[in-house]
Protein chains: 2
Amino acid sequence: MKYIEKLRNSGLRPTKQRLQICEILFNTDKTFHFTINELEQKIKKQANNKISLATVYNTVHAFEKKGYLKQIPINSSETYFDTNVTDHHHFYDLKEEKLIDLDNSDVGPINILKKINGKKIKSVEVLVKLED
Amino acid sequence: MKYIEKLRNSGLRPTKQRLQICEILFNTDKTFHFTINELEQKIKKQANNKISLATVYNTVHAFEKKGYLKQIPINSSETYFDTNVTDHHHFYDLKEEKLIDLDNSDVGPINILKKINGKKIKSVEVLVKLED
DNA sequence: ATTGTAGTTTATAATGATTCTAAAAAAGTG
DNA sequence: CACTTTTTTAGAATCATTATAAACTACAAT
């Protein structure tokens, strides 16, 4: 299993649950956006077993901490995660309530001129809201 | 009272509660960022009365609908609102959990190259996360 | 292998922000 | 004032997320 190494290297034990979640999240070239709830549904469908909701939360947060996932800042009752952790941005279609990837090359370079003492920039995220 | 007109023109009855919230939110040149909870605290402090939490929610949502407030897309357990409804951006200090305004001039011009058929851009919001 | 221990999973309870409800109060109208 | 509509309110309900604590598992040391 190709994810065993990845997990071990991160100090995470390669458990059955984590490996299954890895398969769903990372075993594709496509990046995708998901909520915890959507992920849980996908787990149920894919393998006729279920992983405890708490474990799904734990795992997603562990992966986020290790940098394998990131949250997408958006006003929604549920938190959205993204398997694409490279610097990139999003369209948010207000009508469809769907996220669409924006490559870095789709957005001109962003230069933040203002500085705050003692703080450094961790990330720059652009959300482009779309309407009809 | 200068807000009576404003409320009437929006089809909102100028009640005691709404006027008091207007005073707090709009009676200053400074724009500010707040959560419902912070606003409730401010109400309690400012006038030794209290407005029901449900009313604070109702009022903020009514004002948002009328375009007097906007939500700031951010990953936080509480929803942040902004009295500055013009297009502008934010720093988010992860440690202090505080928002800081970024004028448009603090951010280079942003040019979105990708187009989505039948959709037009409603807003472009940049969130710059800060760490120590 | 067997044991020990630290990490993990799990069901369930607890939390906390937000929304709903339905009755009382206030605003607007004639 | 009498009447209708809107608003306020306290408390209940909801829903995503986090905490808890017991059972389980991975893994290393004996």
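Values below: every heavy atom of this structure, side chains too, minus hydrogens, waters and symmetry copies. Letters go in sequence order (proteins before strands), and every chain restarts at 1.
For the pair A/Gln17 and C/dT10, the criterion of a side-chain N or O lying under 4.0 Å from OP1 or OP2 is met. Residue B/Thr79 places at least one side-chain N or O closer than 4.0 Å to OP1 or OP2 of C/dT18. Contact annotation: B/His61 side-chain N/O to C/dT18 OP1/OP2 distance is not under 4.0 Å. Of the side-chain N and O atoms in B/Arg8, none sit less than 4.0 angstrom from OP1 or OP2 of C/dA27. In this structure, A/Arg18 reaches the C/dT9 phosphate: one of its side-chain N or O atoms is under 4.0 Å from OP1 or OP2.
If you take CZ of B/Phe34 and P of C/dA17, they are 16 Å apart, rounded to a whole angstrom. As rounded to whole Å, 5 Å separates atom P of C/dA17 from atom CD of B/Glu78. Following rounding to the nearest Å, A/Ile51 (CD1) and C/dT9 (C1') show an atom-to-atom distance of 10 Å.
Taking both residues in full, the closest heavy atoms of B/Leu25 and B/Thr83 are given as O-CG2, 3.6 Å, listed atom of the first, atom of the second, then distance.
Looking at A/Arg18, its side chain never comes within 3.5 Å of a backbone N or O of A/Leu7 through a donor-acceptor pair. A donor-acceptor distance shorter than 3.5 angstrom exists from the side chain of B/Glu38 to the backbone of B/Thr35, with no hydrogens or angles considered.
If you check every strand for non-hydrogen atoms under 4.0 Å, B/Ser77 touches sugar and phosphate atoms only. The residue A/Thr15 sits close only to the backbone: its heavy atoms come under 4.0 Å of sugar-phosphate atoms, none of a base. Residue-level contact check: B/Thr35 touches neither bases nor backbone, having no heavy atom under 4.0 Å from any strand.
Remark: A/Lys95 does not engage A/Glu131 in a salt bridge, criterion side-chain N to carboxylate O under 4.0 Å. Between A/Asp132 and B/Lys120 there is no salt bridge, since no side-chain N of the basic residue sits under 4.0 Å from a carboxylate O of the acidic one.
In summary, the side chains of B/Asn84 and B/Thr86 do present a donor paired with an acceptor at a separation below 3.5 Å, with no hydrogens or angles considered.
Put simply, the side chain of A/Lys70 reaches to within 4.5 Å of the side chain of A/His88, judged on heavy atoms.
When each of B/Leu53 and B/Pro14 is assigned the nucleotide of DNA chain C with its nearest heavy atom, B/Leu53 is the one assigned upstream, toward the 5' end. Between B/Asn58 and A/Asn58, the residue anchored closer to the 5' end of DNA chain C is A/Asn58, taking for each the nucleotide with the nearest heavy atom.
Of the candidates C/dT9, C/dA26, C/dA11, the closest approach to any side-chain atom of A/Ser52 belongs to C/dA11.
Taking the 5' to 3' direction, DNA chain D first and last meets chain B under 4.0 angstrom from a heavy atom at D/dT5 to D/dA10.
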